[in-house]
There are 2 protein chains.
Amino acid sequence: MRESGVKERILDTASRLFYDQGYHVTGINQIIEEADIARASLYNHFPSKTDLLLAYLDNTHASWFEELDAFLKPVAGPRDKLLALFDFRIQRQRKFKYKGCHFNRIAAEASDDQEVLTRVKKHKQRFKDLIYELVSQIPERRSILNNDQLADTLFLLLEGGIAVGLMYRSSDAAEQSKQIAETIL
Amino acid sequence: MRESGVKERILDTASRLFYDQGYHVTGINQIIEEADIARASLYNHFPSKTDLLLAYLDNTHASWFEELDAFLKPVAGPRDKLLALFDFRIQRQRKFKYKGCHFNRIAAEASDDQEVLTRVKKHKQRFKDLIYELVSQIPERRSILNNDQLADTLFLLLEGGIAVGLMYRSSDAAEQSKQIAETIL
DNA sequence: GTCTATAAAATGATAGAC
DNA sequence: GTCTATCATTTTATAGAC
């Protein structure tokens, strides 16, 4: 007999391996071995490897914004909330060993799959919408950049900082991005 | 008999497939089939699939900067050259169907391989160095950003614009990035 | 140097017992 | 629902003829 939570253990293990190693390089064999479940149990819960990938993306998307909401809750004011976005992602990258954005990693590997691409876009769009919303809440801002440009710049600073961090396995670039953000905000 | 250029045909085919489909998803079988060469010929020129990947990265790195040099040659002045970097990458993305940066794609798939990571870092660093150099050549610039911050921002705007373009299969984000660059330069 | 044939292992997925 | 056994393919790589 096995303690319940088989489906959860499959998804957790697959999620970890997909992120750490990559999707295509992670085989079903490794997943069932490390999750310590039977081969057919996996296919019982997830009809195919692709379904497992989509579940991973959906699950990560949900927990990502849950964590973000909790992180932003104690922060007051749109400007500080925007800067907290940098801290949130830096903190997450530290936790995940600087392997970059979960969604960008998958996008690089499987962006031809429309179901995958849709989920990546949905995730990024929601993040971008949040940035736009916060920027619009800043009172009497005077800058050479208009609101849309500022929001785009902040988004790209965030994305870029994480992407570069992947190469150096550090948050240095993201910290620099935050400094730049502090200057232009 | 076969017209010469076997090695070149192998590398060209592999390069195209690695970029379009991804590295891990591209099998030796597909490469030898589309290059129309024999299995052992591939292993004669490239001892392993990894060697083929490294050759792809080295080759792409070289041609990338050759093309960039040619592109920048007729452009006068550091500011216009910096803006031309955006045009260069937008032009390249159009040519390659908006699949993102060759090196970032591989980094997402195989960044645990040190030989791969070294080449990705080398490529990005050289690009960054060029940006720093051009920024330093701008005469009497007055901005809220210092030179290092400006260079970092331009780099991240460039990288981010290409990365987002991958999701939407367009150069819209890169065009917006260029507009922002024009504003802050 | 290029070729065909083949090896050994891993891939995603299914059948059928319990 | 979970299990073991097995399937057909595909994977990277090698042997040996020409």
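Every chain is numbered from 1, with letters handed out A, B, ... down the list of sequences.
Counting to the nearest Å, the C1' atom of C:dG1 and the CG atom of B:Leu42 are 13 Å from each other. Rounding to whole angstrom units, CD1 of residue A:Ile10 and C1' of D:dG1 are separated by 11 Å. Rounded to whole angstrom, the span from the CD1 atom of A:Ile32 across to the P atom of D:dT4 amounts to 9 Å. In this structure, the OH atom of A:Tyr43 is 13 Å from the P atom of C:dA15, given to the nearest Å. Atoms CD1 (A:Ile37) and P (D:dC3) sit 7 Å apart, rounded to a whole Å. Protein atom CZ of A:Phe46 is 13 Å distant from nucleotide atom P of D:dG1, rounded to whole Å. Straight-line distance from the NE2 atom of B:His45 to the C1' atom of C:dC3: 12 Å, rounded to whole Å. In this structure, the CD atom of B:Glu33 is 15 Å from the C1' atom of C:dT4, given to the nearest Å.
Remark: the B:Asn44 side chain and the B:Ser41 side chain contain no N/O donor-acceptor pair separated by less than 3.5 Å. Looking at B:Asn147 and B:Tyr132, their side chains never bring a donor and an acceptor atom within 3.5 Å of each other. A side-chain donor from one of A:Asp129 and A:Gln125 sits under 3.5 Å from a side-chain acceptor of the other. A:Asp148 and B:Gln176 form no side-chain donor-acceptor contact under 3.5 Å, judged by distance and modelled atom types alone.
Using a distance-only test at 3.5 Å, with no hydrogens or angles considered, no donor-acceptor pair links the side chain of B:Gln137 to the main chain of B:Pro78. Side-chain atoms of A:Ser171 do not come within 3.5 Å of backbone N or O of A:Ile90 as any donor-acceptor pair.
By the criterion of side-chain heavy atoms lying less than 4.5 angstrom apart, applied directly or through intervening Ile, Leu, Val, Met, Phe, Trp or Tyr residues, B:Val75 is not grouped with B:Leu185; the two fall into different hydrophobic clusters.
Closest to the side chain of B:Asn29, out of D:dT2, D:dT12, D:dA15, is D:dT12. The side chain of A:Val6 sits closest to D:dT2 out of C:dT2, D:dA15, D:dT2. Here D:dT2 is the nucleotide among D:dC3, D:dT14, D:dT2 with the atom lying nearest to any side-chain atom of A:Asn44. For B:Ser41, whose side chain is taken as the heavy atoms from C-beta onward, the closest listed nucleotide among D:dT2, D:dT12, C:dC3 is C:dC3.
Applying a 4.0 Å cut-off to non-hydrogen atoms, the residues of residues 14-26 of chain B that approach DNA chain D are B:Thr26, listed by residue number.
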